[in-house]
Structures are given as structure tokens and as C-alpha cells.
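Written below as C-alpha cells is the structure these notes are about.
Computed from a prediction, not measured in an experiment: that's the story for all the values here.
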Amino acid sequence: MTTPPKVWRDPAILAFMVAETVIWAAIFYSFPALVLQWQGEFGWSATQAMGAFSIALAVQGLAAPWVGRLIDRGRAPLGMPLGALGALIGLVALTQITTLWQFYAVWTWLGLMMGFTLYDATFSVVTRARGPHARAAITAITLAAGFASTLAYPLTAVMIEIGGWRAAVWALAGLVLVLVLPLLWLGAKRLEVEVQSRNLQPAGKPTLASQHIMRRPGFWPLAGGFALTALGSAILLAHLLPLLTALGVPMGLAILTASTIGPAQVAARVLLMLAGARVSAWQVSLGAFILLSLAALTIGAAAALPVLALVFAVAQGMGNGVISILRPVVTREVMGEVGFGESAGAVARLSLFAFAIAPGLGALLADAAGYGAVIMLCVAAPLLGALLLRRLPPTTGA
């Protein structure tokens with residue numbers, strides 16, 4: 001295949017860079033940005049409110065292989081804009097909720113829309129079109145979308161001051177309508193045209209990956225390794241402020257720590273983009289897993305030396321920053337290119353399930369044994385993930 005254009009000259013990738021930044025802000029980061037508003041207005045406990053987000057992530061995980069199958073059959077130009085439209089409907093419905101069951105129903109719907117619009121679907125579309133050249137495009141998309149939280153938190157804060165949390169949701173819905181819906185259609189349409197020119201796989205035909213994906217060599221080490229790492233990271237991120245408080249880290253330093261993780265993610269993605277194909281995705285993934293284990297170890301040491309919380313933030317951000325890029329790259333190396341969408345969805349499903357259960361699991365462990373036990377789990381989980389990843393076929397790291 002011909003080498004694709006540089007990302008800054010590539011309309012499809014530029015469209016996805018903008019669309020992913022906005023959609024992540026609108027239907028992912030809007031939850032942590034607004035959850036205190038919902039608790040304050042409706043009197044819900046943190047557990048009641050966070051349960052809706054866990055369900056959304058679980059639904060996204062359930063939908064991931066099915067969405068990937070649609071992408072494999074050439075349906076992305078229809079499915080991704082419909083996902084954006086569904087997200088718009090969900091956000092509008094969110095402004096009308098008055099009861100907890102309505103809140104859960106809306107976030108269940110939004111979880112399904114996450115499956116159509118967030119990274120896993122986008123990366124499947126890009127990999128289907130670009131094959132071995134997908135890594136640079138995926139890096140560029142995640143580099144831009146790394147600023148989604150930077151968009152979500154200030155925008156919602158300003159709109160809350162102007163008209164309350166409902167005004168903030170309406171603002172996000174407007175961005176989805178004006179930017180996300182047309183840009184997802186543009187990006188998916190252009191890349192599907194590239195697929196047809198490659199004659200990789202006729203649209204509408206069954207994929208090879210649909211036949212016993214979980215029985216294929218390398219699936220469980222791949223999916224399990226990334227899922228264990230996602231579990232440890234998600235527990236730390238969900239409990240970061242309570243954990244730092246329990247360790248005696250001053251609140252000002254704790255806020256700075258939380259704010260440092262996002263820029264560290266972007267910095268790691270820049271370094272990975274500069275390195276290009278010269279570094280092995282498998283080896284960098286192993287290094288990122290180990291870095292996340294060291295990050296968890298470092299936050300434990302912050303009880304004795306609080307400034308180490310910032311070291312944790314940099315390590316945590318850099319590890320997570322590259323993993324989000326490399327999971328689809330390593331998946332392609334292990335599972336192959338044909339039927340990639342469904343394969344990637346099946347691999348992602350375990351990580352999304354891990355992310356969904358992480359807040360509750362962390363809370364249960366903290367209540368039963370304290371935050372020391374939580375830190376030990378977060379040190380061990382990515383190390384176990386690295387051991388699983390080392391069991392992948394030897395050609396993976398080539």
C-alpha cells in the first residue's frame with residue numbers, strides 16, 4: 001500500500017483528532033466533571049452516582065466486539081455518525097432527569113454510544129484502512145484527545161456558573177452536533193474509501209476473526225495483560241484524592257498531582273510519535289506496564305515524602321499515555337489485520353470491564369484492609385499483566 005500523508009495534511013485523521021477530543025469531553029469526562037453537581041442536587045451518595053458510570057463502561061465493553069464487527073463489514077461511515085447522534089440524544093435526555101433510575105438509564109445508553117464513538121471504534125477504523133501505517137495516525141489522534149479533560153473541566157465550570165449543570169450539558173451537546181457528528185462521518189467515510197482501494201475485505205462479508213476469537217493463539221495473554229493493567233490504573237485514578245489524603249499529602253499538592261497526569265500522557269505520546277516505528281510496540285508496552293507498577297509503588301512512598309506524589313503523576317500519566325496507543329497496535333500484531341475490528345473489540349472488552357469494576361473494588365478493599373492493600377494490588381496488577389504479555393508469540397515484538 002502507498003504511504004499515507006503526514007497527519008497534518010490528512011483530512012481523515014485531522015477530523016478524528018477534533019472529533020475524539022470533543023466526544024471524550026462530552027460523554028466521558030463530563031461524568032467526573034459534573035458528578036458532584038448531581039450528588040448535590042439530587043442527594044445521591046457517591047456510590048449511587050458512580051454506579052451509573054460503571055454500568056456505562058460495562059455496556060461499552062459488551063458492545064465493543066459487536067461494533068468492531070460492523071466496522072469490519074464497512075459500516076463505520078453509518079455507525080459512527082449514528083453513535084454521535086445517539087450521544088447527542090443521550091446528553092439532551094440527561095438534562096431532563098429527576099430520578100436515579102432515569103440517571104442510570106441515560107448513562108446505560110451513553111455507554112452504548114461510547115462503543116460507537118470513542119477510541120476502540122476509531123482505532124479499528126484507522127487500522128482497517130492503514131494497516132501497518134496506522135500507528136502514526138493513532139498516536140496523533142490520542143495526542144489531540146489527550147486534551148479532552150482540559151476542554152471538559154473548564155467548559156463545564158464556566159457553564160455551571162452561568163446556568164447550572166444543565167447548561168453545561170447543553171453546551172457539550174451543541175459541540176457534539178456541530179463538530180463530532182459531521183467530523184466522524186468525514187473521517188470514517190474517507191478511510192472506508194481507502195479500505196475499498198486496498199481490497200482488504202469486501203464490505204458485508206463475515207470476518208475470519210468472528211470464528212472463536214477467544215480461542216486464537218495469544219488472545220488471553222494479550223487481553224488479560226492489558227485488562228490487569230487497566231484495573232490497577234483505574235483504581236488509582238478513581239481513588240486518587242482520597243488516597244493522597246489518607247497518605248497525608250497536602251490538598252494543594254494532591255490537586256497538582258491530579259492535574260499533572262494529563263500533561264504527562266500527552267508528553268509520552270509526543271515522545272512515542274517522535275520515535276515512530278523505530279521502537280517495538282510490544283517492548284514499549286512491557287515497559288509501560290512496569291512503569292505503572294513503579295508509579296503505584298511511588299505513591300505508597302508519598303506517605304513519607306509527599307513530593308513523590310508528583311513523581312507518581314508523571315509515571316502514571318506516561319504509562320497510560322502510551323498504552324492507549326499501543327493496545328490496538330499490539331492487537332494487530334497478535335491477532336492479524338483481517339477482522340481487526342472484532343478482534344480489537346474483544347480485547348478491549350476485558351479492559352473496559354476491568355475499568356468498570358475498579359472504583360467499587362478499590363472501595364471494598366480500602367474499607368476491608370486500608371489503602372495499603374489497595375496500593376499493593378495496584379503494584380501487582382500491571383506486573384502480572386507484563387508477565388502475561390511476555391507469553392505472546394515471539395513474532396509480536398518483531
So, taking the atom named [atom1] in [X] and the one named [atom2] in [Y], what distance separates them when rounded to the nearest 0.5 Å?
X	Y	atom1	atom2	result
Leu377	Leu384	CG	CG	9.0 Å
Leu305	Leu247	CG	CG	12.0 Å
Met17	Thr142	CE	OG1	9.0 Å
Thr117	Leu184	OG1	CG	7.0 Å
Ile55	Trp107	CD1	CH2	12.5 Å
Leu14	Leu186	CG	CG	9.5 Å

Does [X] share a hydrophobic cluster with [Y], counting links as ILVMFWY side-chain heavy atoms below 4.5 Å and allowing steps through other members?
X	Y	value
Leu244	Leu292	no
Val158	Val35	yes
Leu352	Leu237	no
Val59	Met50	yes
Val22	Leu155	yes

Pairs meeting criterion side chain to side chain donor-acceptor pair (under 3.5 Å) with involvement of [range], two or more places apart:
range	answer
residues 221-234	Ser233-Gln316, Ser233-Asn320
residues 51-65	none
residues 296-313	none

| Does the side chain to side chain contact (heavy atoms under 4.5 Å, CB included) test come out yes or no for Trp101 and Val106, once each step is laid out? | CA-CA 9 Å; Trp101 77 263; Val106 169; over 6 Å; no
| task | Anything under 30° is parallel, anything over 60° is perpendicular, the rest tilted; go ahead and classify Phe103 against Phe31. | result |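 Geometry flag for Phe31 against Phe103: tilted rings.
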In a table with atom names and distances, give each donor-acceptor pair under 3.5 Å that connects a side chain of residues 78-96 to protein atoms at least two apart or in another chain.
from	atom 1	to	atom 2	distance (Å)
Thr95	OG1	Val92	O	2.6

| Trp185 atom CH2, neighbour heavy-atom count above 12 within 6.0 Å |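 At most 12 heavy atoms, drawn from other residues, nucleotides or ligands, come within 6.0 Å of this atom.
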| field | Ala144 backbone acceptor or donor facing Thr21 side chain under 3.5 Å | value |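 Flag set: sc Thr21 to bb Ala144 pair under 3.5 Å.
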Report yes if the side chains of [X] and [Y] come closer than 4.5 Å at any heavy-atom pair, otherwise no.
X	Y	value
Leu236	Phe312	yes
Val322	Leu271	no
Ser45	Gln39	no
Ile299	Leu308	no
Arg190	Pro77	no
Pro328	Tyr119	no
Leu143	Val266	yes
Ile23	Leu118	yes

| field | Pairwise ring-ring contact (aromatic ring centres under 6.0 Å, His included) hits with a residue in residues 64-92, at least two apart | value |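 Those involving residues 64-92 are Trp66-Phe116.
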| request: Would you please name every residue forming a ring pair (Phe, Tyr, Trp, His ring centres under 6.0 Å) with Phe42, sequence neighbours left out? | output: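 Ring pair (Phe, Tyr, Trp, His ring centres under 6.0 Å) check on Phe42 returns Trp44.
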| message | Using the ring pair (Phe, Tyr, Trp, His ring centres under 6.0 Å) criterion, which residues pair with Phe16? Sequence neighbours excluded. | response |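 Phe16 satisfies ring pair (Phe, Tyr, Trp, His ring centres under 6.0 Å) with no other residue.
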Smallest separation among heavy atoms of [X] and [Y], with atom names:
X	Y	result
Pro217	Met335	O-SD, 4.5 Å
Ile13	Ala137	CD1-CB, 3.6 Å
Ser30	Leu172	CB-CD1, 3.7 Å
Ser149	Pro154	O-CD, 3.9 Å
Pro221	Leu392	CB-CD2, 3.8 Å
Leu177	Pro182	O-CD, 3.5 Å

| Looking at Phe53 versus Phe28, is the centre-to-centre ring distance below 6.0 Å? |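 They qualify: ring centres under 6.0 Å apart.
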| Is the Tyr104 to Trp109 ring centre distance short of 6.0 Å? |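 No, the ring of Tyr104 stays outside the 6.0 Å limit from the ring of Trp109, centre to centre.
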| query | Got a sec, which residues hit side chain to side chain donor-acceptor pair (under 3.5 Å) with Trp24, two or more places apart in sequence or on another chain? | reply |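 Counting only residues at least two positions away or on another chain, Trp24 forms a side chain to side chain donor-acceptor pair (under 3.5 Å) with Glu20.
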| said: Under a 4.0 Å threshold between the charged nitrogen and the carboxylate oxygen, would Glu41 count as salt-bridged to Arg166? | reply: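 Yes.
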| Hey, are Arg349 and Asp120 close enough for a salt bridge, meaning a charged N less than 4.0 Å from a carboxylate O? |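 Salt bridge absent between Arg349 and Asp120.
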| query | Considering residues at least two apart in sequence or located in another chain, which fulfil the side-chain contact (heavy atoms from CB on, under 4.5 Å) criterion with Ala168? | reply |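 Ala168: side-chain contact (heavy atoms from CB on, under 4.5 Å) contacts with Leu34, Thr156, Met159, Ile160.
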| Those residues that, when tested against Leu291, pass side-chain contact (heavy atoms from CB on, under 4.5 Å) (two or more places apart) |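 Residues passing side-chain contact (heavy atoms from CB on, under 4.5 Å) with Leu291: Ala315, Met318.
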| request: List the steps, then state whether side chain to side chain contact (heavy atoms under 4.5 Å, CB included) holds for Arg391 with Trp220. | output: CA-CA 10 Å; Arg391 297 181 58 191; Trp220 286 108; over 6 Å; no
Taking atom types as modelled and ignoring hydrogens, do the side chains of [X] and [Y] form a donor-acceptor contact shorter than 3.5 angstrom?
X	Y	answer
Trp282	Ser280	no
Gln196	Glu192	yes
Arg269	Ser324	yes

| request: Please determine which of Arg128, Arg130, Lys189 meets the salt bridge (charged side-chain N to carboxylate O under 4.0 Å, His left out) test together with Glu194. | output: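 Exactly one pass, corresponding to Arg130.
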| said: Checking Leu240 against Ile261 for the side chain to side chain contact (heavy atoms under 4.5 Å, CB included) test, could you report, in this order, the C-alpha distance in whole Å, the side-chain angles of both residues, the deciding distance, and whether it holds? | reply: CA-CA 11 Å; Leu240 184 56; Ile261 293 175; 3.8 Å; yes
| Can you name the one residue among Leu297, Leu243, Ile235, Leu231 that meets side chain to side chain contact (heavy atoms under 4.5 Å, CB included) with Cys378? |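 Output: one option passes, namely Ile235.
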| field | From CA spacing to verdict: side chain to side chain contact (heavy atoms under 4.5 Å, CB included), Ile357, Leu57 | value | CA-CA 9 Å; Ile357 68 172; Leu57 294 172; over 6 Å; no
| Other than Met376, which residues form its hydrophobic cluster under the rule that side-chain heavy atoms must be closer than 4.5 Å? |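 Met376 shares its hydrophobic cluster with no other residue.
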| field | Remaining members of the apolar cluster that contains Leu62, side-chain heavy atoms under 4.5 Å | value |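 Via sub-4.5 Å side-chain contacts, Leu62 links to Phe353.
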